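First up is the structure itself, then whatever we jot down about it.
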There are 2 protein chains.
Amino acid sequence: MSDLLQRLRDRGWRLTAQRRVIAEVLDGEHVHYTAEEVHARAVERLPEISRASVYNTLGELVALGEVVEVTTDGRAKRYDPNVHQEHQHLVCSGCGMIRDVRTEGDLMAALPFGERFGFAVDEVTVTYYGRCPGCAAAS
Amino acid sequence: MSDLLQRLRDRGWRLTAQRRVIAEVLDGEHVHYTAEEVHARAVERLPEISRASVYNTLGELVALGEVVEVTTDGRAKRYDPNVHQEHQHLVCSGCGMIRDVRTEGDLMAALPFGERFGFAVDEVTVTYYGRCPGCAAAS
DNA sequence: GTCTTGACTTGGACATAGTCCAATATAGGA
DNA sequence: TCCTATATTGGACTATGTCCAAGTCAAGAC
């Protein structure tokens with residue numbers, strides 16, 4: 001993620017304290033924070049950062065392809081910085097925890113041409129649901 | 001869908017005018033309305049029906065397994081009454097139109113055991129994104 | 001180092017989606 | 001026809017996200 005800032009600078013971004021903090025918050029594996037969670041964590045490092053800046057910056061990162069939006073439930077969108085390794089998601093239906101997972105085979109090929117209705121299909125997302133070990137033990 | 005009302009009665013539901021109208025609105029193929037769209041259509045037949053009743057009834061239908069929630073974007077949830085034929089969704093990234101599609105092969109098997117992290121995986125949803133013929137022509 | 005300027009940030013108002021609740025109405029059995 | 005548990009209602013409230021005008025500042029020019 002450290003070179004994210006360099007990539008952004010290369011694209012003409014002004015590197016503000018706010019953007020740096022947001023990039024730091026998004027650093028790591030299996031990070032899937034909501035915008036409000038990103039804001040809460042950013043505030044710990046930069047107390048005056050606003051919600052608007054977080055929403056703006058996340059939207060820009062998504063537009064640049066540096067972060068992807070994930071919506072596994074109908075609640076808040078989550079932001080996944082793990083874009084350089086293709087993956088899908090495994091979601092615990094108990095606690096909502098999300099793991100990045102890699103699938104086998106060609107998921108796109110699972111959709112026959114006869115089922116494409118003239119669409120130019122260019123993306124497929126797969127979400128697996130189950131109970132994580134903790135939630136399975138608790139029930 | 002006409003026998004939906006019978007199934008609900010068998011489960012002890014009271015058949016009110018509101019529930020009948022909601023069931024009628026959800027009748028059909030490739031129906032994926034938001035709660036507000038269901039409400040707007042229900043109001044045409046029963047002007048005094050409230051938003052709360054629509055939300056309540058949709059939630060109950062989901063709990064009973066008669067309707068499934070679909071969230072393809074981060075916006076409002078959509079309600080899909082086509083539960084008796086397993087299917088996935090194809091979404092136009094231009095206009096948001098949704099088609100039900102049937103996939104080939106075992107999507108669950110695409111997730112290796114080594115990628116399950118101890119989860120008891122019991123469901124998989126797949127969403128294909130592309131541009132429908134109309135939106136492709138317009139761009 | 002300082003100036004300048006256009007891009008960035010901010011707080012707050014607004015919009016949209018959904019939930020909750022106390023009061024009222026009613027389906028369907030007695 | 002009556003009774004009552006269940007359903008409906010309007011409206012307040014919460015959560016999530018968007019928009020905007022005013023103020024701030026990063027970084028290139030000098």
Side-chain angles (χ1 to χ4, degrees), chain A residues 4-25 32-43 45-64 66-80 96, chain B residues 4-25 32-43 45-64 66-80 96:
Chain A
L4 168 60
L5 291 175
Q6 187 56 53
R7 284 199 301 279
L8 295 177
R9 198 197 313 264
D10 292 345
R11 302 212 212 191
W13 264 37
R14 282 180 31 184
L15 291 192
T16 64
Q18 290 82 353
R19 286 170 170 181
R20 252 186 282 266
V21 164
I22 291 169
E24 284 170 25
V25 169
H32 305 95
Y33 295 142
T34 64
E36 297 295 343
E37 287 168 350
V38 171
H39 182 237
R41 283 169 174 76
V43 161
R45 304 177 192 223
L46 187 66
E48 69 273 26
I49 192 172
S50 68
R51 290 172 65 254
S53 285
V54 172
Y55 277 99
N56 288 344
T57 302
L58 289 172
E60 289 157 359
L61 289 170
V62 170
L64 292 178
E66 295 287 350
V67 164
V68 294
E69 281 180 356
V70 182
T71 37
T72 56
D73 53 7
R75 320 264 319 172
K77 290 176 195 165
R78 293 178 173 276
Y79 293 88
D80 181 347
Chain B
L4 167 62
L5 292 174
Q6 188 55 53
R7 284 200 301 279
L8 296 177
R9 196 195 314 262
D10 293 346
R11 302 213 213 191
W13 263 37
R14 280 177 35 182
L15 290 191
T16 64
Q18 290 82 352
R19 288 171 169 179
R20 251 187 282 267
V21 164
I22 292 169
E24 284 171 25
V25 169
H32 305 95
Y33 295 142
T34 65
E36 297 294 344
E37 286 168 351
V38 171
H39 182 236
R41 283 169 175 76
V43 160
R45 302 176 194 225
L46 187 66
E48 69 274 25
I49 192 171
S50 69
R51 290 172 65 254
S53 286
V54 172
Y55 278 99
N56 288 344
T57 303
L58 289 173
E60 289 156 359
L61 288 170
V62 169
L64 291 178
E66 294 287 352
V67 163
V68 294
E69 281 180 356
V70 181
T71 36
T72 56
D73 52 7
R75 321 266 318 174
K77 291 177 196 163
R78 292 178 175 276
Y79 294 87
D80 181 347

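Both backbone and side-chain heavy atoms feed into the values below; hydrogens, waters and symmetry mates do not. The model shown is predicted, which means the values in this text are computed figures rather than measured ones. Letters A, B, ... mirror the listed sequences (proteins, then strands); counts begin at 1.
Phosphate contact (OP1/OP2 of C:dT10, side-chain N/O of A:Ser53, threshold under 4.0 Å): present.
Residues forming a side chain to side chain contact (heavy atoms under 4.5 Å, CB included) with A:Arg75 (at least two apart in sequence, or on another chain): A:Asp73.
When all heavy atoms are compared, the tightest approach of A:Leu15 to A:Arg20 is O-NH2, 3.0 Å. The two residues B:Ala35 and B:Val54 come nearest to each other via the heavy atoms O-CG1, 3.6 Å. Listed here is the closest heavy atom pair of B:His32 and B:Glu37: O-OE1, 4.1 Å.
Judged by closest nucleotide on DNA chain C, A:Ala52 is the one of A:Ala52 and B:Ala52 placed further toward the 5' end. Residues B:Ser50 and A:Arg75 both approach DNA chain D. Their nearest nucleotides, taken by heavy-atom distance, put B:Ser50 toward the 5′ side.
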Give me the distances for all protein-to-nucleotides 27-30 of chain C N/O pairs that come in under 3.5 Å?
{"unit_1": "C:dA27", "atom_1": "O4'", "unit_2": "B:Arg14", "atom_2": "NE", "d": "3.4"}
{"unit_1": "C:dA27", "atom_1": "O4'", "unit_2": "B:Arg14", "atom_2": "NH2", "d": "3.4"}
{"unit_1": "C:dG28", "atom_1": "OP1", "unit_2": "B:Leu15", "atom_2": "N", "d": "2.9"}

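If you measure from atom OH of A:Tyr55 to atom P of C:dT16, you get 16 Å, rounded to the nearest angstrom. A straight line from CD of B:Gln18 to C1' of C:dT26 spans 9 Å, rounded to a whole angstrom. Computed from coordinates, the B:Glu69 CD to C:dA17 P distance equals 15 Å when rounded to whole Å. Rounded to an integer number of Å, the gap from A:Ile49 CD1 to C:dG11 P is 10 Å. For the pair A:Asn56 CG and C:dG12 P, the computed distance is 17 Å after rounding to whole Å. Across the protein-nucleic acid pair, A:Leu61 atom CG and C:dC8 atom P stand 12 Å apart, rounded to whole Å. Look at NE2 on B:His39: it is 14 Å from P on C:dG18, rounded to the nearest Å. Separating the CD atom of B:Glu60 from the P atom of C:dT19 is a distance of 12 Å, rounded to the nearest angstrom.
Side-chain atoms of A:Arg51 stay outside donor-acceptor range of the base of C:dG11, with no qualifying N/O pair under 3.5 Å.
Within the nucleic acid shown, B:Ala76 comes within 4.0 Å of sugar-phosphate atoms alone, with no base atom in reach, counting heavy atoms only. The residue B:Glu36 sits apart from the nucleic acid: no heavy atom pair falls under 4.0 Å.
No side-chain donor-acceptor contact under 3.5 Å links A:His39 to the backbone of A:Tyr55. Checked by atom type and distance alone, the side chain of A:Arg51 never pairs as donor or acceptor with a backbone atom of A:Glu36 at under 3.5 Å.
With respect to the salt-bridge test (charged N to carboxylate O, under 4.0 angstrom), the residues A:Arg11 and A:Glu66 qualify.
Nucleotides of DNA chain D lying under 4.0 Å from heavy atoms of chain B occupy a range whose first and last members, 5' to 3', are D:dA5 to D:dG10.
One finds the CG atom of B:Leu61 at 6.0 Å from the CG atom of B:Leu4 (value rounded to the nearest 0.5 Å).
Checking A:Glu60 against A:Asn56 by side-chain atom types alone, no donor-acceptor pair falls below 3.5 Å.
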